[in-house]
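Some notes on the structure that comes next.
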Amino acid sequence: MPKSKAIQSPANQKATAGKPILLNGYVLWLTGLSGAGKSTIAAQLKQELLAWGQPVCVLDGDRLRTGLCSDLGFSPEDRKENIRRIGELAKLFTATGVICIVAVISPYRADRRRARTLIEQGRFIEIYVNAPLEVCERRDPKGLYAKARRGEIAEFTGISSHYEPPEKPEIELHTDKLSITESLAEVLDFIKLNVAG
Ligand code: ADX
């Protein structure tokens, strides 16, 4: 994985002493079932990277689906288009040096692979937010699993629509066993070791 070079102004150096500065954009792509913890981890990662003095944006599936992607549903074709748009957005953001945190189910390997190809090699970090379906269903923070079981939501991921787990993610977080703090630490350690220059 390429190392990014840090160039800091004196003011910057003081504010960010001891913290890695990544001058080039990266994509941190969180994939996993609804309720696995993607949005929570994304929000906390954002705060942490901001504290490092790093420009960050979060592209969250639930939010994008109320705006840019509000014309899309959950058929395989629509999910493919959803991921295509988000991949293109991530490409634009990373080109400006922003760390782009993506939190979307992105259930299909082919769609995630396509998103990866848009980003310079080594700058796409796939993070599998892995909690078993039973755990996500028990958490059911939005009550959607219950609705899906009652047949009120069609093509629900994990219930009536499939999820293809990543085969070789850069990071895998077992969020049924790890606390949010521990998950966050795993990602930040990976960044410090593999990304920060
Ligand atoms: S993706 O499959 O296209 O990547 P995305 O992450 O944008 O999905 O949106 C998932 C969110 O939409 C879920 O967190 C959930 O709140 C909501 N949702 C509504 N219907 C479905 C469905 N049929 N399958 C999965 N998520 C759904």
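Counting begins at 1 with the first residue of the sequence. Just follow the structure's listing: the first ligand is 1, and inside any ligand the first atom is 1.
- Here Arg85 pairs with Asp71, Glu81 under the side chain to side chain donor-acceptor pair (under 3.5 Å) rule; sequence neighbours left out.
- With hydrogens and angles ignored, the 3.5 Å screen pairs a side-chain donor or acceptor of Tyr145 with a backbone N or O of Ser34.
- Grouped with Leu72 in a hydrophobic cluster is no other residue, since no side-chain heavy-atom contact under 4.5 Å to another Ile, Leu, Val, Met, Phe, Trp or Tyr is found.
- Applying the side-chain hydrogen bond (donor to acceptor under 3.5 Å, both in side chains) definition to pairs two or more places apart or across chains, those involving residues 36-45 are Ser39-Asp60.
- Within 4.0 Å of ligand 1, the residues that place a heavy atom are Ser34, Gly61, Asp62, Arg65, Phe74, Arg79, Asn82, Ile83, Val104, Ile105, Ser106, Pro107, Lys142, Leu144, Ile153, Ala154, Glu155, Phe156, Thr157, listed by chain and number.
- Of the options Glu170, Glu164, Glu126, a salt bridge (Lys or Arg N to Asp or Glu O under 4.0 Å) to Arg112 is made by Glu126 and by none of the others.
- Side chains of Tyr163 and Thr31: a donor on one and an acceptor on the other come within 3.5 Å.
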